[in-house]
Structures are given as structure tokens and as C-alpha cells.
Amino acid sequence: MKVLANDGISKSGIEALEKGGFEVITTKVAQEQVANYINEHKVDVIIVRSATKVRKDIIDNCPNLKIIGRGGVGMDNIDVEYARSKGLHVINTPASSSESVAELVFAHLFTGVRFLQDSNRNMPLEGDSNFDGLKKAYANGIELRGKTLGIIGFGRIGQAVAKMALGLGMKVIAADKFVDKAEVKVDFYNGQFINVEFETEPMEDVFKHADFITLHVPAQEGYVIGEAELQLMKDNVGIVNCARGGVIDEVALIAALDANKVLFAGLDVFENEPTPEIKILMHTKISLTPHIGAATLEAQDRIGTELAEQVISLLKTEKV
């Protein structure tokens, strides 16, 4: 049986699949050629990340395809319900990248509160000629400890963010349409741990009371944060989006940054990927990364291994 890992897969994932008797193809096939490639090479499984889309056309034109795998959480690049209606298995790895995304959230938070996105641009240009001026410009940093972090979307990633925030001494509040209560276990290196109980709040309350806000919601119709929501927030709020592009109104965000309503933003995802708006890319108050939330070596190992285990279980054990 053949597996096409069109957006790549970790070495550990390849090894696990090969050990299970699968041939793994890591050739990058152009989107418009995916269906033909699957049919010509008699591919049984396609594994994607966020780049390749598996829509109705591929599902309809590839009758021998048995499994669509998504390395990561969100499956908005796959027509999931349609695929399942046609008898295909659609799998993902919801737990594998939670810690990696959560750490990137804090990379953006630390960057924003200490102006690193701007100082890293200006130090190479002026560090030798205007050191004291830059020192003064970036002298008003603030600490995360003791501040309130508002988490919008309290699933696996949101809860991983909460753990790190608690470790930093932050207060955590959260909103989620589908989660009323959650118990977050914070593990320490020496085997000790604490359990912290959370009750989610209305989203409007989180907007009003948080010093920093981080989004962990799926792609959806309409904005989660637009002009009205920005007006509810505290002055000098910091906003991070490592979830999905299109959940923040970027025009309203820029206006709020320019008006000093928002202190900084950290964006890993954008409304127009892979060509973000130049006003976003050049803004001095925005910390930027190119959709790399799950892109750590550890996460990719976990994703590859978990996908391999699911594929082997479905095709070998169940004799699909």
C-alpha cells in the first residue's frame, strides 16, 4: 500500500509506516496534479498539512483512496464530511502540536511586551550609531507576571497556553462556546504537579478584562475580533493569533494599533496567505511568523508517528 505525504512527514513517521508495510512517497505534487498522481501511482492514503487541499474534486476522482490524513489540528483544507460520506477515513493529530503552538504564543507575547519585533529591525541599522536612543525607545517594557491572559477557545491548545501562563504567574480567564469547565494539570520537572479548575466566561467579559488575548479557534464565517470587539478591550491590550487567518479583522487591527488602543499584535496566520498584506508585514507593532505554530522538530515527530499509528490501525487491523 502507498502513502503520499504531499506536504512532508517526519523521519519517524516514515519509518513507522515503512515498518508497517507501507511505501511512503514524499514527492511534492502540485495541487492541480494531486488527483492524477494518486490514480497513476495507486495511492491508498494521502497525508497533508495546511498547504495541500483535499476537496470534492479529488475525493470524487480518486476511487481507490481510503484515508485522508491531516498533520495537525484544523481540517479546513479538507472536505471532511463529504469524504466521510463517501466512505473515506479522515484523521488528524489534535494533541501532537499543542505545546509547540502554545510556546509560539508566548514567543509573540514576550516579543510584544519588550518591543523585540522593532528592536530586532533597528539594532542592525542603528545599534552602533544610536545605541542610547534605541535604549530609551525600548525602555518601557512590561512584565507578563501578574497580568490577565484571556484565552478565546479553550480546547487542547488553549489549555496548553493556560499551563504556561500559570507557570509564569499570570491570571487566566477563558471563553469557549463548547467548554463550560476544564481541569488543567500543570506538571513540573520533578514529578510534582497542580490541578487548576477553570470555568469559562462569556467572550465579551474576556475581552473587557484581559490584558492580553490569544485566539485558539477554528476557521469560521465572520471575525471573532473586529472593530466592535476591539472597542470592548482594555487600552494597551496585546493580541496574539496563532490559530487561523481570517478570525481577526486586520484592517480594524491596524487602526487600533495606530490609535494606540492595542499595544501590539503577534500574528502567525493571516487573512491572505501566503501573501499577507504589506501594511501588516511592515507595521512596527506587529510580531510576525509565517504560520509555523506546529513547526517544531518535536511536534513533527509526534505528528508523523501519530498519523502512522492511525493509518496502520485502520488499514492493517481493520482490513479496510
Quick one: list whatever passes side chain to side chain contact (heavy atoms under 4.5 Å, CB included) with [X], sequence neighbours left out.
X	value
R84	M75, V80, E81, V90
K56	D60, D79, Y82
E15	K11

Hey, does [Y] have a side-chain heavy atom less than 4.5 Å from the side chain of [X]?
X	Y	value
T93	R302	no
S10	I303	no
E277	E271	no
I25	K2	yes

Is the side chain of [X] donor-acceptor paired with the backbone N or O of [Y] at a distance under 3.5 Å, no angle test?
X	Y	result
N39	N61	yes
K261	M233	yes
E273	F270	yes
Q159	F154	yes
T296	A299	yes
Q310	L307	no
N241	R244	yes
D187	F193	no
E183	N195	no
R70	R49	yes

How many angstroms lie between atom [atom1] of [X] and atom [atom2] of [Y], to the nearest 0.5 angstrom?
X	Y	atom1	atom2	result
L215	I225	CG	CD1	4.0 Å
I91	E309	CD1	CD	10.5 Å
L257	E250	CG	CD	11.0 Å
I68	C62	CD1	SG	9.0 Å
L109	M170	CG	CE	6.5 Å
I152	M203	CD1	CE	5.0 Å

Going by ring-ring contact (aromatic ring centres under 6.0 Å, His included), name the residues that satisfy it together with [X], two or more places apart in sequence or in a different chain.
X	result
F106	none
H41	Y37
Y223	none

I286 and Q117: side chain to side chain contact (heavy atoms under 4.5 Å, CB included), yes or no, with the steps? CA-CA 7 Å; I286 302 179; Q117 77 284 348; 5.9 Å; no
For E103 and M164: C-alpha separation, side-chain torsions, deciding distance, then whether side chain to side chain contact (heavy atoms under 4.5 Å, CB included) applies. CA-CA 8 Å; E103 289 194 7; M164 296 179 190; 3.4 Å; yes
Are I194 and L166 close enough, and set up right, to give a side chain to side chain contact (heavy atoms under 4.5 Å, CB included), and what steps lead you there? CA-CA 10 Å; I194 58 170; L166 292 169; 5.6 Å; no
Closest contact, heavy atoms only, [X] versus [Y]:
X	Y	value
V161	L149	CG1-CD2, 3.7 Å
I254	H283	CG2-CD2, 4.2 Å
G169	R145	CA-NH1, 3.6 Å

Polar contact flag, side-chain donor to acceptor under 3.5 angstrom, [X]-[Y]:
X	Y	value
N260	K285	yes
T284	D118	no
T289	H108	yes
E306	S96	yes
D176	T200	no

When you look at [atom1] of [X], are more than 12 heavy atoms from neighbouring residues, nucleotides or ligands closer to it than 6.0 Å?
X	atom1	answer
R55	CZ	yes
E126	CD	yes
F178	CZ	no
E227	CD	no
L125	CG	yes
K135	NZ	no

Quick check on the hydrophobic clustering: are [X] and [Y] connected, directly or via other members, by side-chain heavy-atom contacts under 4.5 Å?
X	Y	answer
V29	I78	yes
I280	I239	yes
V262	L281	yes
I14	I67	yes
F22	I47	yes

Should L116 and F110 be marked as a side chain to side chain contact (heavy atoms under 4.5 Å, CB included) after you check the CA-CA gap, both sets of side-chain angles, and the distance that decides it? CA-CA 8 Å; L116 301 187; F110 280 119; 5.5 Å; no
Would you call the rings of F264 and F212 parallel, tilted or perpendicular if under 30° counts as parallel and over 60° as perpendicular?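 Ring orientation of F264 relative to F212: tilted.
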